[in-house]
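First up is the structure itself, then whatever we jot down about it.
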Amino acid sequence: MSLRRQSERPVQFRFHFLVLFLFALAACQAGTQDSEHLRLAARAKNITIVRDDFGVPHVYAKTDADAVFGMLYAQSEDDFNRIEQNYVWATGRLAEIEGEDALYSDLRAQLYMTVDEAKAAYASAPDWLKALCDAFADGLNYYLLTHPEVKPQLLTRFEPWMPMYFSEGSIGGDIEQIPLEGILAFYSGEEPAKSIRSATRRFEEPRGSNGFAIAGKLTESGNAMLLINPHTSFFFRGEMHVVSEEGLNAYGAVTWGQFFVYQG
């Protein structure tokens, strides 16, 4: 009996210590999250987002970086799923959502750029660009913190190195010109399955580039209208107006998850 009691006490002590440690760890994590929430909420006070009658966001901010924060927050309101999908695809993690049919899409993405390369590009970037990338991550993470009902498929936190995948300003490297069928054949010697060809597309969208100018006498409002579909799939870009007190004033198309006003 005495030996048994002696063996139980250390076990019981270790169990209590483990419980206390887990409570302390949870408290630290909660404190860190609260601190992060307060920091981002304070930053959000520097930004105003106004939506016009068409739902287009007009972002007004003190600095260019604050404007980027507001841009990504507003984009998340419009289509967070598309933002997440773009970064899951770009970072080569699509198979974690869609299964092994997407493995060759992931391989193609990682042949173009790895996470380590993206982190290195961010680390070597000038301070002004780092500030914009930091604001990118802050805007998206603040949206997730303030919208707990939104459940990401994979990316629960965004990092400032992620925009390096799209530094060209539109879609990054146009890696989709490299057919997945060729990658599959090179690595496996197998004929590509039909599912591989469409692994990165959930549905087919209308494509093309056309502009239309409609005179005011032909519109119900009496105002002239200019419509354009700019060489992308139909839902590839949103529309946005961005203004900062540092002199930024741009209006045009923004690809989901990016802070470039690409066309406007």
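Along the sequence shown, residues are numbered consecutively beginning with 1.
Looking only at atom types and distance, the side chain of N249 has a donor-acceptor partner in the side chain of H241 under 3.5 Å away. Between Y122 and E159, the side chains place no donor N or O within less than 3.5 Å of an acceptor N or O (distance only, hydrogens not considered).
Nearest approach of M113 to E117, heavy atoms of both residues: CA-OE1, 3.3 Å. Minimum heavy-atom separation, D134 to P160: OD1-CB, 3.4 Å. In this structure, A109 and A90 approach most closely via the heavy-atom pair CB-O, 3.6 Å. Smallest separation of non-hydrogen atoms from F260 and F166: CE1-O, 3.2 Å. The minimum heavy-atom distance between A123 and K130, with the atom names listed, is O-NZ, 3.1 Å.
Salt-bridge annotation for R43 and D66: present, with a side-chain N of the basic residue lying under 4.0 Å from a carboxylate O of the acidic one. For the pair K62 and E246, the salt-bridge criterion is not met [side-chain N within less than 4.0 Å of a carboxylate O].
Counting only distance, with no hydrogens or angles, the side chain of E100 and the backbone of A95 share no donor-acceptor pair below 3.5 Å. With hydrogens and angles disregarded, no donor-acceptor distance shorter than 3.5 Å links the side chain of E239 to the backbone of V56. Side-chain N or O atoms of D79 include none that pairs as donor or acceptor with a backbone N or O of W256 at under 3.5 Å. Although no hydrogens or angles enter the test, the distance criterion places no donor-acceptor pair under 3.5 Å between the side chain of E245 and the main chain of T63.
With contacts defined as side-chain heavy-atom distances shorter than 4.5 Å, the pair R93/Y87 does not qualify. At least one side-chain heavy atom of M164 sits under 4.5 Å from a side-chain heavy atom of C133. V150 places a side-chain heavy atom less than 4.5 Å from the side chain of Y143. A heavy-atom distance below 4.5 Å is not found between the side chains of Y165 and N86. In this structure, D78 and R51 have side chains that are in contact, with non-hydrogen atoms separated by less than 4.5 Å. Residues V59 and I47 meet the side-chain proximity criterion, which asks for heavy atoms closer than 4.5 Å. Side-chain contact between V88 and I97: present, with at least one pair of heavy atoms (C-beta onward) separated by less than 4.5 Å. A 4.5 Å side-chain heavy-atom check between E36 and R157 finds at least one atom pair inside the cut-off.
Tested against L72 for a side-chain contact (heavy atoms from CB on, under 4.5 Å), the candidates L140, V254, D138 yield a single pass: L140.
One distance of note links CD of E84 with CZ of F80; it measures 4.5 Å at 0.5 Å rounding. S105 contributes atom OG, which lies 8.0 Å from atom CD1 of I183 (distance to the nearest 0.5 angstrom). The OG1 atom of T146 sits 8.0 Å away from atom CD of E149, with the distance rounded to the nearest 0.5 Å. Going from atom CE of M71 over to atom CZ of F259 covers 8.5 Å, rounded to the nearest 0.5 Å. With values rounded to the nearest 0.5 angstrom, L226 atom CG is found 9.0 Å from I214 atom CD1. Here the straight-line distance linking atom CG of D116 with atom CH2 of W161 works out to 9.0 Å at 0.5 Å rounding.
A single hydrophobic cluster is not seen to contain both F69 and Y60; linkage of ILVMFWY side chains at heavy-atom distances under 4.5 Å, directly or through other members, places them apart. When the side chains of ILVMFWY residues are joined at heavy-atom separations under 4.5 Å, either directly or via intervening members, I83 and L145 end up in a single hydrophobic cluster. Tracing side-chain contacts under 4.5 Å through hydrophobic residues (I, L, V, M, F, W, Y), one reaches L94 starting from L154; they form part of the same cluster. In the hydrophobic clustering of ILVMFWY residues, with side-chain heavy atoms under 4.5 Å counting as a link, F54 and Y251 come out together.
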Practice problem: Any chance you could lay out the side-chain contact (heavy atoms from CB on, under 4.5 Å) test for D52 and H58, step after step, and finish with the verdict? | Solution: CA-CA 8 Å; D52 61 27; H58 299 253; 2.9 Å; yes

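Using cut-offs of 30° and 60° for the angle between ring planes, the F158 and F136 rings count as perpendicular. Between H37 and Y142, the angle of the ring planes goes over 60°, which puts this pair in the perpendicular group of the 30/60° scheme.
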